[in-house]
Amino acid sequence: METKADKKTLLKSSSSVSKSFRLRSPSLNTLRLRQIFDLFDTDHDSFITVDELSRALVLLGLETNVTELDSMIKSYIQPGNTGLTFDDFHALHKSLGDMFFEEDVVGDDEETGGKQEEADLTEAFKVFDEDGDGYISAQELQVVLKKLGFEEASEMGRVEMMISSVDRNSDGLVDFLEFKDMMKSVIALK
């Protein structure tokens, strides 16, 4: 049986673990998990194999040992399956989140939830705002989309259209308030 320390050392990164690993907004978390699952499932067979997961983690800059990764996720793969289903992936995500954040107990009151949601959105914004200037440019969005394997990243015109669709003040950039409004509308569609 693996210990928490074994699991934590499996995924090594040059930066510390981000508190946005598990968002407190259930609908945003499920939407994000589904998008991540679909990205990792490169052959679109509705399973994430150990190799697919390993490749995805390497692309994200995380060092992995395939043998340790296999050992860790084996217990989440249902008998007869070749990899993780979305439900298995969700259970793995919850387990890792509990392991990394078990000391983070957030109350159910609206004020705490609102503060956590704001913090989650700020953390998500920082992923796209690579230069830290407080704005997401088309170039920054293109870089992140490329890292995630989105086809849209190959055409700057499409990336610029994505920016302009949420750019209320028409400055060619997405500021945090525009990003936040866009994310809230995505959640509302769910």
Side-chain angles (χ1 to χ4, degrees), residues 11-42 44 48 52-64 86 89-90 93 96-97 100-101 104 106-107 109-190:
L11 302 176
K12 300 172 190 166
S13 175
S14 59
S15 62
S16 63
V17 175
S18 167
K19 291 206 182 277
S20 71
F21 176 77
R22 180 177 61 190
L23 301 176
R24 303 297 179 186
S25 170
S27 60
L28 181 57
N29 200 34
T30 301
L31 174 66
R32 182 175 80 165
L33 274 178
R34 183 76 229 190
Q35 290 171 332
I36 292 169
F37 180 88
D38 291 342
L39 283 172
F40 288 7
D41 180 21
T42 56
H44 310 290
I48 298 176
E52 287 173 322
L53 185 56
S54 177
R55 280 192 304 268
L57 293 173
V58 168
L59 284 171
L60 292 170
L62 300 171
E63 299 173 26
T64 61
F86 177 71
F89 185 67
H90 190 275
H93 176 265
L96 289 172
F100 282 109
F101 303 112
D104 293 348
V106 175
D109 66 3
E110 271 187 46
E111 184 179 328
T112 303
K115 286 180 184 177
Q116 184 60 50
E117 184 176 306
E118 185 82 11
D120 288 341
L121 287 171
T122 300
E123 198 64 31
F125 183 81
K126 288 177 183 178
V127 169
F128 292 93
D129 180 20
E130 292 198 321
D131 65 7
D133 67 353
Y135 299 95
I136 301 169
S137 68
Q139 292 78 16
E140 288 171 316
L141 179 59
Q142 185 179 41
V143 167
V144 174
L145 293 175
K146 277 183 185 176
K147 286 180 184 176
L148 294 173
F150 283 100
E151 291 179 23
E152 291 87 346
S154 64
E155 297 177 39
M156 181 53 87
R158 290 176 78 180
V159 175
E160 289 170 343
M161 283 176 41
M162 293 169 131
I163 293 285
S164 67
S165 71
V166 295
D167 180 19
R168 291 187 314 217
N169 63 1
S170 301
D171 64 355
L173 302 168
V174 175
D175 61 34
F176 180 70
L177 292 176
E178 293 166 334
F179 178 80
K180 189 163 105 173
D181 288 345
M182 182 266 309
M183 291 301 290
K184 285 184 178 182
S185 69
V186 168
I187 294 168
L189 293 174
K190 182 83 174 111

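If you're wondering where the values come from, they're calculated on a predicted model, not measured in any experiment. Atoms considered below: every heavy atom in the structure, side chains included; atoms not considered: hydrogens, waters and symmetry mates.
For the atom pair CD (E52) and CG (D41), the distance works out to 5.0 Å, reported to the nearest 0.5 Å. To the nearest 0.5 Å, atom CD of residue E130 and atom CD of residue Q142 are 11.0 Å apart. Considering NE2 of H93 and CG of L33, their distance stands at 4.5 Å, rounded to 0.5 Å. Going from atom CD1 of I48 over to atom CZ of F37 covers 4.5 Å, rounded to the nearest 0.5 Å. Rounding to the nearest 0.5 Å gives a distance of 7.0 Å between CD of E151 and CZ of R158. Between the CD1 atom of I36 and the CZ atom of F89 there is a distance of 6.0 Å, given to the nearest 0.5 Å.
Between D133 and L173 the shortest side-chain heavy-atom distance does not fall below 4.5 Å. Counting heavy atoms from C-beta outward, D181 and V166 have side chains that stay 4.5 Å or more apart. Looking only at side-chain heavy atoms (C-beta outward), I136 and E178 stay at 4.5 Å or farther from each other. Residues T122 and F176 meet the side-chain proximity criterion, which asks for heavy atoms closer than 4.5 Å.
With hydrogens and angles disregarded, a donor-acceptor distance shorter than 3.5 Å links the side chain of E140 to the backbone of D131.
Closest non-hydrogen pair, L177 versus D175, comes out as N-OD1, 3.1 Å. For the pair S54 and T64, the tightest heavy-atom approach, listed with the atom from each and the gap, is OG-OG1, 3.3 Å. Here the shortest heavy-atom pairing between A153 and L145 reads CB-CB, 3.6 Å. Taking each heavy atom of F125 and G134 in turn, the nearest pair found is CZ-O, 3.4 Å.
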(Q) Could you go through V174 and M162, starting from their C-alpha distance and side-chain angles, then the distance that decides it, and tell me whether this counts as side chain to side chain contact (heavy atoms under 4.5 Å, CB included)? (A) CA-CA 10 Å; V174 175; M162 293 169 131; over 6 Å; no
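Counting heavy atoms of neighbouring residues, nucleotides and ligands inside a 6.0 Å radius, atom CE of M156 exceeds 12 of them.
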